[in-house]
Amino acid sequence: MADAIQKKLKVELEKYTQMQKDVSKSMSARQKLETQLTENNIVKEELDLLDSSNIVYKLIGPVLVKQELDEAKATVAKRLEYINGEIQRYETLLKDMEKKSEQHREVLSSLQQEFQKAQGLAIGKV
């Protein structure tokens with residue numbers, strides 16, 4: 001009986017470990033998005049300081065290409081919208097992962113208790 005519980009415990013522990021790795025990856029991706037959001041907000045603030053007489057350039061590969069101010073502002077606004085949407089998606093994903101992680105912890109805890117009881121019974125029989 002203890003062997004069966006031990007196998008279950010091992011499988012659940014592997015699932016929990018994988019879940020923790022996934023949480024870590026998602027948090028890392030979310031941090032990258034936060035950095036991009038900050039950078040794009042700085043760009044937006046700088047573009048807001050300009051008027052139509054200023055010239056804006058966009059870097060495409062190794063070349064600077066002239067771009068309309070309104071077009072640049074629209075591009076940055078779309079980028080900010082996209083990044084905010086992705087951050088929200090990761091927030092939801094992380095909340096779901098935390099719930100699942102908590103469930104795995106509870107299952108692991110109960111399996112550990114069962115395993116300890118089974119070991120205690122096995123020792124008592126010997």
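For this chain, numbers begin at 1 and follow the sequence in order.
Y16 is not connected to V11 by any chain of hydrophobic side-chain contacts under 4.5 Å among Ile, Leu, Val, Met, Phe, Trp and Tyr, and they are in different clusters. Note on L49: it does not cluster hydrophobically with V56, by side-chain heavy-atom contacts below 4.5 Å among ILVMFWY residues. V76 and I83 fall within the same hydrophobic cluster, defined by Ile, Leu, Val, Met, Phe, Trp and Tyr side-chain heavy atoms under 4.5 Å apart, directly or through other members. Y57 and L59 fall within the same hydrophobic cluster, where Ile, Leu, Val, Met, Phe, Trp and Tyr residues are linked whenever their side-chain heavy atoms come under 4.5 Å apart, directly or through other members.
Residues forming a side-chain hydrogen bond (donor to acceptor under 3.5 Å, both in side chains) with K44 (at least two apart in sequence, or on another chain): D48.
Applying the side-chain hydrogen bond (donor to acceptor under 3.5 Å, both in side chains) test to residues at least two apart or on different chains, the pairs with a partner in residues 28-38 are R30-E34, R30-E91. Legend: salt bridge (charged side-chain N to carboxylate O under 4.0 Å, His left out) pairs involving residues 12-22, not counting sequence neighbours, sorted by first then second residue: E12-K15.
The closest donor-acceptor contact from the side chain of S109 to the backbone of R105 lies at 3.5 Å or more, if one exists at all. Side chain of S26 to main chain of V23: no donor-acceptor pair is present (N/O by atom type, distance under 3.5 Å, no hydrogens or angles). Listed for the N54 side chain is a donor-acceptor partner under 3.5 Å among the backbone atoms of D51.
We find that R89 and E86 are joined by a salt bridge, their nearest charged nitrogen and carboxylate oxygen being less than 4.0 Å apart. With salt bridges taken as basic N to acidic carboxylate O contacts below 4.0 Å, none links K95 and E98.
For E81, the CD atom counts as loosely surrounded, since its 6.0 Å shell holds 12 or fewer non-hydrogen atoms of other residues, nucleotides or ligands. Around the NZ atom of K73, the shell of radius 6.0 Å holds more than 12 heavy atoms that belong to other residues, nucleotides or ligands.
Of all the heavy atoms in M19 and M97, the pair that sits closest is SD-O, 3.9 Å. Considering all non-hydrogen atoms of both residues, L13 and L108 come closest at N-CD2, 3.6 Å.
Here L33 contributes atom CG and Y82 contributes atom OH; the two are 7.5 Å apart, rounded to the nearest 0.5 Å. Rounded to the nearest 0.5 Å, atoms OG1 (T75) and CG (D70) are 10.5 Å apart. The CD atom of E68 sits 10.0 Å away from atom CD1 of I55, with the distance rounded to the nearest 0.5 Å. With rounding to the nearest 0.5 Å, the separation of CD1 in I87 from CG in L94 is 11.5 Å.
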Assess the residue pair D96 and L93 against the criterion (side chain to side chain contact (heavy atoms under 4.5 Å, CB included)); give the C-alpha distance rounded to whole Å, side-chain angles, the decisive distance to 0.1 Å, and a yes or no. CA-CA 5 Å; D96 289 345; L93 184 67; 5.6 Å; no

